[in-house]
Amino acid sequence: MDREPSNAVIAEALEELGNLYELDGAIVHRVLAYRKAARAVREAPVSVAALAREGRATEVPGIGKTLQEKILALAQTGTIPAAEKLRAKFPPTLIEVTRLPGLGPKRARLLYSELGIDSLQALREAALAQRLRTVHGFSEKFEQGVLAALQEGVGERPAPRLLLPRAIDIGQALIDGLRQQAGEHTRVELAGSARRMVDSVKDIDLVASGPNPLQISSSLTKLDLIESVSSVSATGARGRIHSGLPVDLRVATPEQFGNLLQHFTGSQAHNAALREAAVRRGLHVSEHGILDDATGTVQTCASEQQVYERLDLAYIPPELREDRGELQAAAADGKGLPTLICEGDIKGDLHCHTVASDGRNTIEEMALAARARGYEYLAITDHSASHGFGNHVSAATLREQIERVADVNERVEGIRLLAGSEVNILPDGTLDYDDELLAALDWVIASVHTAFSMSEQAMTARVIAAIEHPLVDAIGHPTGRLIERRAPYSLDLEAIFAAAARTQTMIEINANPDRRDLSDVHARSAVKAGARIVINSDAHRTETLGLMRWGVATARRAWLRAADVANTQPWERFAKLRKHYRG
DNA sequence: GCCGTTTTCGGCCCGACTGTTTTCAGTCG
C-alpha cells in the first residue's frame, strides 16, 4: 500500500472480521475482542498503522500479538488473509440480514444454511413464499415480523440517530409527561447516552421510581408524544415516539433507583469494565443491587453515589463513563479524575457572526446578549473576503466593521468587544485578508470552508500553514465534520496539535451541536499534546450564543478542566494568551 | 482474542425479553 490505512479503515476491517467470525460461530468473547479492538483503534489518538509497522500496536489496549499481525498485514498488503477466507465462505450481503430485529448471527446463519438466504432481498422472497416457517425455530409470526420490518426499511439503512439537543428536548418532554401522568411522588430521570451527552443518540432511555411501578409504566402509553408501546410491565415499558425513535423506560423501587440509574446510564463498556473489576473483589453489580460473595447479601443503593462508593470508587460524572480510563482514575481516591469544566466557567465567546456576514443580529444586539450571559468579552468574527454566498466581507467593509465594533465597545458598558474575523484558509494555506488588515484586528480565527476533499497531506499542510501564521489566534471547527451528515476531512491531527502547541495557537471546540468539532476524543488528545482549547458558540444570532453548552459538554467528555480552556480566563489573562498580544 | 491481586491458562458483566422454550438459546441493551 502506498498509503497508510487510517484508524477508521483499520477499525472497519476489525469490525468486519469480528462480524465474520461471529457468523462462523466463534465464541462470543473472541468476537467481543474484535469489537473492543475496533473501538480502541477508532479512538486512538495516534496512527495505529504506524504503530503496527514498528511492532507497537500492542500498546493500544485491547490489541495483542494476533491483532498486531493482522493490522500489519492490512497496512502492508491492504488486506487481512483471515478476512479473505471468511469472505469466501459468507456472502457480503449476509451481514445485512442480521440487522433485522430478532435475527442475530446464529439465526441468520441457520437461514443461510437451510434456505440459502444471503441477503435482505432473499429474506423478503422467502418470507413472502412462506418458506421461513419451514425452518425449525421460525414461525409464521416471525415471517410477518420480517415483512413488517422490511416494509419500514429496517436493515436497508442504518437506524437514524438524533442530535443531542433534540434528544434532550424529547427526553424532557417525556419526563414532564410521565410526572404529570404518574403523580407527584414519581421520580423520572434521563439515562442512557443522552445523559452522557454524546453527539447523537439512537433512543431515549428513562429511569423512574414511585409507589406504583406498573402505573408508571402504563403512563407511557398515555403520552401524546408516544406513537405505540410494545411492552408494559412493573419493570418498565418500551415504545416509540411518532418519528419512530425508540423509548425505553425502566422502573425501580426508590431503594434501587441508584443501581438502576447507574446501570441504564451506561455506557455498556463502562458497566462491563466496572463489573469485571467488581467481580475480582467478589462483588457482582447489576441494576438490582450489589451482591457480596462473602456475605451473600445484596446491597441496594438509592443514589448513584452509593454505587460508586460501595466499589471504593470516586463518583464518576456520566460524561466520563466510556471506559476510557475513568475507572482507574476513580480508584485512586479519585485523584486521577479531573474537576470538569462547567458552563459557568466560560468568561467569553470568541466566535460569532452579525448582519455583516450571515448572522441575524447587529454587533450591539450580540454584545448585549453576551453581556446578559455574564460574559466579560465577545469577539465579533464575521466571515471573510472569499466567503461567497453573498455573505463575504470585503477588506474595505472589514475596516468599517472594525470602527463599528470600536464604537459599540465604547457605548456598551460591561462587556469588552473584540474586532475579529473568521478568516478562510485558502487551499494553498494562505488567508484571504492581507497581514496589514489582520494586524488591525484584536482576534483572528481561521477556518477551512472550501475544498474539503484534499489529500490528508495537503489538508494538513494547509491547516498548519494557518497555524504558523503569526496573526492567527485560533483554528475554527478544525475537522469540518457535521455530525451524522459529513465526515471530517482528512487531517493528521497529531501534526496539527503539535503545531498548535508549538505556536501557541488555540484549537476550537465549536459548540454548534451539528459540529462539536473538535470531538471529545480529539479534544482530549489536543490537550494531552499541549495545545490550548477555546470553546465557541459560532452563534449566528443572539439566541444561539446559548449553544455554548454543547461545546462545554464535549469538553467535559474530553476530561477537560477549566484550566485547559482559554476562555475560562478573565479578560486580563485571556488577552495575553492571544498570539495577537504584543507586550 | 485479550489478559494478569486467578499472571501464560482459563476465565471473560448481568439481566430482560422472546419464542415455542417445558429448561433454554438467542438476542438485545
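Proteins get letters first, then strands, A, B, ... in listed order; numbering begins at 1 in each. Computed from a predicted structure; not experimentally measured.
In the model, D176(A) has no side-chain atom that pairs as donor or acceptor with a side-chain atom of Q180(A) under 3.5 Å. Checking R195(A) against T265(A) by side-chain atom types alone, a donor-acceptor pair falls below 3.5 Å. Defined by atom type and a distance below 3.5 Å, a donor-acceptor pair is missing between the side-chain atoms of H288(A) and N259(A). Checking E304(A) against Y315(A) by side-chain atom types alone, a donor-acceptor pair falls below 3.5 Å.
Atom P of dC12(B) sits at a distance of 28 Å from the matching atom of dT18(B), rounded to the whole Å. As rounded to the nearest Å, dC14(B) and dT8(B) have C1' atoms that lie 28 Å from one another. If you take atom P in dT20(B) and the same atom in dC28(B), they sit 15 Å apart, rounded to whole Å. For the P atoms, the distance from dG11(B) to dA16(B) is 25 Å, rounded to whole Å. Only the P atoms considered, dT6(B) is 25 Å distant from dG1(B), to the nearest whole Å. Annotation: dG29(B) and dT21(B) have their P atoms spaced 25 Å apart (nearest Å). Here the separation of dG15(B) from dT22(B), taken at their P atoms, is 24 Å to the nearest Å.
Listed for the E96(A) side chain is a donor-acceptor partner under 3.5 Å among the backbone atoms of L120(A). For the pair R53(A) (side chain) and A75(A) (backbone), a donor-acceptor distance under 3.5 Å is present. Side chain of Q68(A) to backbone of A57(A): a donor-acceptor contact under 3.5 angstrom is found.
When the ring-ring contact (aromatic ring centres under 6.0 Å, His included) test is applied to F142(A), the partners found at least two apart in sequence or on another chain are F138(A).
We find that NZ of K65(A) is positioned 13 Å from P of dG1(B), with the value rounded to whole Å. Put simply, CZ on R30(A) is 12 Å from C1' on dC2(B), counting in whole angstrom units. Residue L260(A) contributes atom CG, which lies 12 Å from atom C1' of dG15(B) at whole-angstrom precision. Look at CG on L274(A): it is 15 Å from C1' on dC12(B), rounded to the nearest Å. If you take CG of L283(A) and P of dC14(B), they are 10 Å apart, rounded to a whole angstrom. Taking atom CZ of residue R250(A) and atom C1' of nucleotide dG15(B), one finds them 8 Å apart after rounding to whole Å. In this entry the distance linking CD of E140(A) with P of dT18(B) reads 19 Å, nearest Å. Here the P atom of nucleotide dC14(B) and the CG atom of L32(A) are 14 Å apart, to the nearest Å.
V285(A) comes within contact range of the sugar-phosphate backbone alone, with a heavy-atom separation under 4.0 Å but no base atom that close. Using a 4.0 Å heavy-atom criterion, one finds that G192(A) contacts no nucleic acid atom at all. The residue Y21(A) sits close only to the backbone: its heavy atoms come under 4.0 Å of sugar-phosphate atoms, none of a base.
Summarising the base pairing, dC14(B) is matched to dG29(B) through a Watson-Crick or G-U wobble pair whose two defining distances lie under 3.5 Å.
Between G62(A) and V279(A), the one whose closest nucleotide on DNA chain B sits nearer the 5' end is G62(A). In this structure, A272(A) and S231(A) both approach DNA chain B, and ranking their closest nucleotides by distance from the 5' end singles out A272(A).
OP1 or OP2 of dA16(B) has not a single side-chain nitrogen or oxygen of S233(A) nearer than 4.0 Å. Regarding contacts with the backbone of dC2(B), every side-chain N or O of H29(A) stays at 4.0 angstrom or more from both OP1 and OP2. An OP1 or OP2 oxygen of dT20(B) is reached within less than 4.0 angstrom by a side-chain nitrogen or oxygen of S139(A). Put simply, K36(A) has no side-chain N or O that comes within less than 4.0 Å of OP1 or OP2 on dC12(B).
Each of D199(A), D514(A), D517(A) was compared with R481(A) under the salt bridge (Lys or Arg N to Asp or Glu O under 4.0 Å) criterion, and only D199(A) meets it.
Checked against dA16(B), dG15(B), dC12(B), the side chain of S286(A) finds its nearest nucleotide in dG15(B).
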Output one letter per nucleotide in nucleotides 21-29 of chain B: B when a protein non-hydrogen atom lies under 4.0 Å from the base, S when only the sugar-phosphate is that close, - when neither is. S----SSSB
